[in-house]
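Have a look at the structure below before the remarks.
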Amino acid sequence: MHKILNTERKTIRYMYENLVIVESPAKAKTIEKFLGKDFFVTSSMGHIRDLEKKDFGIDIQNNFTPKYEITSDKKKLVTELKKLAKDSKVIWLASDEDREGEAISWHLQETLGLDPKTTKRIVFHEITKEAILNAVQNPRPLDLNLVNAQQARRVLDRIVGFEVSPVLWKKVKPSLSAGRVQSVAVRLIVEREREIIGFTTTSAFRVSASFLVPEKDGKITELKAELNRRFDTKEEANAFLEKCKNAEFQISEVVKKPARRSPAPPFITSTLQQEASRKLGFSVSQTMSIAQKLYESGKVTYMRTDSVNLSGLAIDAAKQMIIKTMGEKYHQVRQFKTKSKGAQEAHEAIRPAYMDQEEISGTNQEKKLYDLIWKRTIASQMAEAELEKTTVTIDISTVPEKFVATGEVLIFDGFLRVYIESSDDEDQNGGQKGLLPALSAKQILRWDKIHATERFTQKPPRYTEASLVKKLEEQGIGRPSTYAPIITTVQNRGYVVKEDRPGTEREFTELILSGQKISSKVKTEQTGAEKSKLFPTDIGMVVNDFLVKYFDLIMDYNFTAKVEKEFDEIAEGELVWNDMIQSFYTPFHSKVENALNEAERTNGVRVLGTDPTSGLEISVKIGRFGPLAQLGEVTEGGEKPQFASLRSGQHIETITLEDALELFKLPRNLGEYEGKTVTVAIGRFGPYVRHDSKFISLEKNVDDPYSIELTRAIELIEGKREKDANALIKAFEENPELKILNGRWGPYIVYKKNNYKIPKTTDAAQLSLDDCMTLIDKQPAPKKSRKK
DNA sequence: CAGTGAGCGAGCTTCCGCTTGACTT
């Protein structure tokens, strides 16, 4: 699709009556259709100005006056907008109706030098013809209170980020960062991890019985019921089963209760991210970029929103769709109210642009996400589901405990016909869903088997990207446009990693009463396996503890909520923004000073104990190159301590003395070969032998670094030499730094530790040194390690 | 590409929220 630049369009029509500026280009396109030919609609692409990038950007002495500059990637756009504005009679500032949007309009007015007399501010919450035309009929002046609330927000975030981060550089490690949002996100993950580490698992025996119920037609149906208590020990469970052997089981009551279930509201950014993660397995950023595609091609409404509101048009369209395809009784008009903290509601909920479009063309992922959005939106306008829940209580003649069976029958599916919301907690109790057999009170039941199974208490769950977003939103921390970036930021800073971790096997006991016999079995199950979960790193934990200790105010989960309240007061004109910042700054800055003066350099050191052989102290801490274990202490004139890096999977917080001692058994010196020492150690890619500054990996599942001997090591060294010799096509005496080698993808040149391609048509063995050099020159310099 | 574990200390790092595009093997 050909994109028409603003300047190109200008050549088509060179004087405009009206210039409308919105935030997003896709929105500009849609709106222009509604407004007709007297209006030219363009976009600012978000903010065009920000605090100075290089310096602090705030004149603290001078009442916190912000120093703004045009953002580097917006310079071209701003010159273009200036030109357009000069050639137009009326400028309509149509950025979003929230704090940031109002500020964008104000920055535009200031930067483009717009005359307030010919500048109009308009707002709308939905992109429908009616809403747009209505907005144009009702322009208003810029709301400077709202603008000031944004300036306060911006200035506060800069102060927090740019005053606290340097404290970390001095006291912990260079290049670290802290911020109102990211530091609290990390805190959530760190504290959850500590809950998991500190959790003690206990077990109890859960008892379930299967009864055999004869039906009218002579068939026998199984009824599963669970005991209303658990037993702490195997002995108690066994004693209970003994008493069941000759007991009579009689139904004491059958209770039927109607139940209703209502649909969830339509999607907002956070709920879309959660459902796409649970149902489709998308990462948060994946969801956003797919949604962006759908938005840009006009298939869904704006994807960064905190409002559950649907336009009247959408509600009507959904109604028609539901009545047409499912009938009147499935329809129910619903208006949802946004309940999340700090919502600003500048847009609609995320919904299909055209409700009658049930399927779209596009990539598979786009289709899936659209389908999810379509179903959720339709379901939100549908009738409740009606259920009947049945609870059957069964008395046991020999003991006071009772068995309970539950069943659920769908009387009317309602919205469930289209969409079922999923949840983070897996279904724990295996209660019988669906229809129960016909039962009545006083009925005597015959049992088949009774199981007493050992079940363990569950550790709190680690956060996924999506469940972290949910938590942040609940606390009012972050905005729809920042949820995805927050998650990448905390990972880029090295505070958090997203990983899979294997589980461990666990044994559990099961007692089965069958006939008159109780049998006991020990079974195994997998536990603790994690997939795509967020884990704090060692540095994440150290930084978090430092921040909590010295900056308790900004690390408080309620800090954002508290300042948001004050931003609201500024927006209402009840509070002067500079005053608010001043009263935050005075105590905050003294905390910064205090941390700079008082705090020791922090490395998260943890003393594990003493080495039984040497009697030296063993500790773990963050070193220059990451977490390490240290044997011995630095003393004047004394022996230097020994160091060893922690392996992947080992952490300062959890490593044991035994594991740390193991680390010092490597590297092992195996002896000499050809006059050079042979050592064995474990590196990032596993165990290796080192000889003559060469690294040779040990063979997996064959060699053990702790026991391998010199003869085997020599075997490995020779084996590697042979392999390298086979790989060598040609070497040059004149320049030993250059070689032609045979690799996995054919011949290539290696020169000064960089690899270069050889064109497929040339015979590698025939290349001269000069030929090689020209090939090297032709190829672009290899990229340096990517670091941002 | 796997080791290292402070030295003389230059000059640098950093925030949150609003948007879209682009260096490819």
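Throughout, protein chains are lettered first and strands after them, A, B, ... in sequence-line order, and every chain is numbered starting at 1.
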(message) Pick the closest DNA chain B nucleotide for A:E52 and for A:I104 by heavy atoms, then say which residue is nearer the 5' end.
(response) A:E52
(message) Whether the side chain of A:S177 and the base of B:dT14 hold a donor-acceptor pair under 3.5 Å is what I'd like checked.
(response) no
(request) Please report, rounded to the nearest Å, how far the P atom of B:dC18 is from the CD atom of A:Q150. (result) 9 Å
(request) Starting at the 5' end of DNA chain B, write a dot or bracket for each base, bracketing those in Watson-Crick or G-U wobble pairs whose two distances are under 3.5 Å and using | for partners on another strand. (result) .........................
(message) As a test of reading the structure: which of B:dT4, B:dC15, B:dT19 is closest to the side chain of A:S645, going by heavy atoms?
(response) B:dT4
(message) With the criterion set at under 5.5 Å between ring centres and under 30 degrees between planes, would B:dT4 be stacked on A:F625?
(response) yes
(request) Mind checking A:G46 for me? I need base, sugar-phosphate or nothing, with any heavy atom below 4.0 Å counting as a touch. (result) base
(message) Over 60° means perpendicular and under 30° means parallel, so tell me whether A:F584 and A:F559 are parallel, tilted or perpendicular.
(response) tilted
(message) Heavy atoms from C-beta onward define the side chain here; which of B:dA2, B:dG17, B:dC15 lies closest to that of A:Y688?
(response) B:dA2
(message) From C-beta outward on A:F162, which listed nucleotide comes closest to its side chain: B:dG3, B:dT20, B:dT14?
(response) B:dT14
(request) Output yes when a side-chain donor or acceptor of A:T482 lies under 3.5 Å from a complementary backbone atom of A:G478, and no otherwise. (result) no
(request) From the options B:dA2, B:dT13, B:dT20, select the nucleotide whose nearest atom is closest to the side chain of A:S175. (result) B:dT13
(message) Check this for me: does any side-chain nitrogen of one of A:E366 and A:K299 sit under 4.0 Å from a carboxylate oxygen of the other?
(response) no
(request) Remember a base hit wins even if backbone is also touched, and classify A:S697 as base, sugar-phosphate or nothing at under 4.0 Å, heavy atoms. (result) base
(request) Pick base, sugar-phosphate or nothing for A:V181, based on heavy-atom distances below 4.0 Å to the nucleic acid. (result) sugar-phosphate
(message) Side chains of A:T338 and A:E345 only: does a donor on one sit below 3.5 Å from an acceptor on the other?
(response) yes
(message) Classify the ring geometry of A:H47 against A:H107: parallel below 30°, tilted from 30° to 60°, perpendicular beyond 60°.
(response) perpendicular
(message) Which label fits A:Y550 and A:F546: parallel for a plane angle under 30°, tilted from 30 to 60°, or perpendicular past 60°?
(response) tilted
(message) Taking any heavy-atom pair under 4.0 Å as a contact, classify A:L176: base, sugar-phosphate, or nothing.
(response) sugar-phosphate
(request) Using heavy atoms to find the nearest nucleotide of DNA chain B for A:K54 and A:K74 separately, return the residue whose nucleotide is more 5′. (result) A:K54
(message) Under 4.0 Å, counting only non-hydrogen atoms across every strand here, what does A:G101 touch: a base, just sugar-phosphate, or nothing?
(response) nothing
(message) What is the distance, to the nearest angstrom, from the CG atom on A:L663 to the C1' atom on B:dG5?
(response) 14 Å
(request) Check the angle between the aromatic planes of A:Y585 and A:H589 and answer parallel, tilted or perpendicular using the 30° and 60° thresholds. (result) parallel
(request) Establish, with yes or no, whether the OP1 or OP2 oxygen of B:dC18 is under 4.0 angstrom from a side-chain nitrogen or oxygen of A:S44. (result) no
(message) Applying a 4.0 Å non-hydrogen cut-off, can you work out what A:Y302 is touching in the nucleic acid: base, sugar-phosphate, or nothing?
(response) sugar-phosphate
(message) The side chain of A:R479 is closest to which nucleotide in this list: B:dA2, B:dG5, B:dC18?
(response) B:dC18
(request) With heavy atoms under 4.0 Å as the rule, sort A:D50 into base, sugar-phosphate or nothing. (result) base
(request) Please report, rounded to the nearest Å, how far the C1' atom of B:dC18 is from the CD atom of A:Q292. (result) 12 Å
(request) Find the distance A:I477:CD1 to B:dC15:C1' and express it as a whole number of Å. (result) 15 Å
(message) Determine whether the aromatic ring of A:W169 stacks with the base of B:dT13, defined as ring centroids separated by less than 5.5 Å and ring planes inclined by less than 30°.
(response) yes
(request) Give the rounded distance in Å between these two atoms: CD1 of A:I554 and C1' of B:dC16. (result) 13 Å
(request) Using a cut-off of strictly less than 4.0 Å, decide whether A:S165 has a side-chain nitrogen or oxygen near OP1 or OP2 of B:dT13. (result) no
(message) Please determine whether a side-chain nitrogen of the Lys or Arg among A:R647 and A:D659 lies less than 4.0 Å from a carboxylate oxygen of the Asp or Glu.
(response) no
(message) Hydrogens and angles aside, do A:R304 and A:Y302 bring a side-chain donor and acceptor to less than 3.5 Å of each other?
(response) yes
(message) OP1 or OP2 of B:dG17 versus the side-chain N and O atoms of A:R153: is any pair under 4.0 Å?
(response) no
(request) Examine B:dT19: is either OP1 or OP2 under 4.0 Å from a nitrogen or oxygen in the side chain of A:S24? Give yes or no. (result) no
(request) Rounded to the nearest angstrom, tell me the gap between atom CG in A:L51 and atom P in B:dC16. (result) 13 Å
(message) Angle between ring planes, A:Y673 versus A:H691, binned at 30° and 60°: parallel, tilted or perpendicular?
(response) tilted
(request) Give one of base, sugar-phosphate or nothing for A:A103, where a contact means two heavy atoms less than 4.0 Å apart. (result) nothing
(request) Could you tell me whether the phosphate oxygens of B:dC15, OP1 or OP2, come under 4.0 Å of any side-chain nitrogen or oxygen in A:R493? (result) yes
(request) Please evaluate the base of B:dC15 for a donor-acceptor partner in the side chain of A:R154 within a cut-off of under 3.5 Å? (result) yes
(request) Indicate whether OP1 or OP2 belonging to B:dT20 is found under 4.0 Å from a side-chain N or O atom of A:R304. (result) yes
(request) Calculate the interatomic distance between A:D98 atom CG and B:dC16 atom P; express it in whole Å. (result) 18 Å
(request) Please state how far atom CD in A:Q182 lies from atom P in B:dC16, giving the value in whole angstrom units. (result) 5 Å
(message) Mind checking if A:P166 touches a base, just sugar-phosphate, or nothing, with heavy atoms under 4.0 Å?
(response) base
(message) For B:dG17 and A:Y483 - does any side-chain N or O of the residue sit under 4.0 Å from the phosphate oxygens OP1/OP2?
(response) no
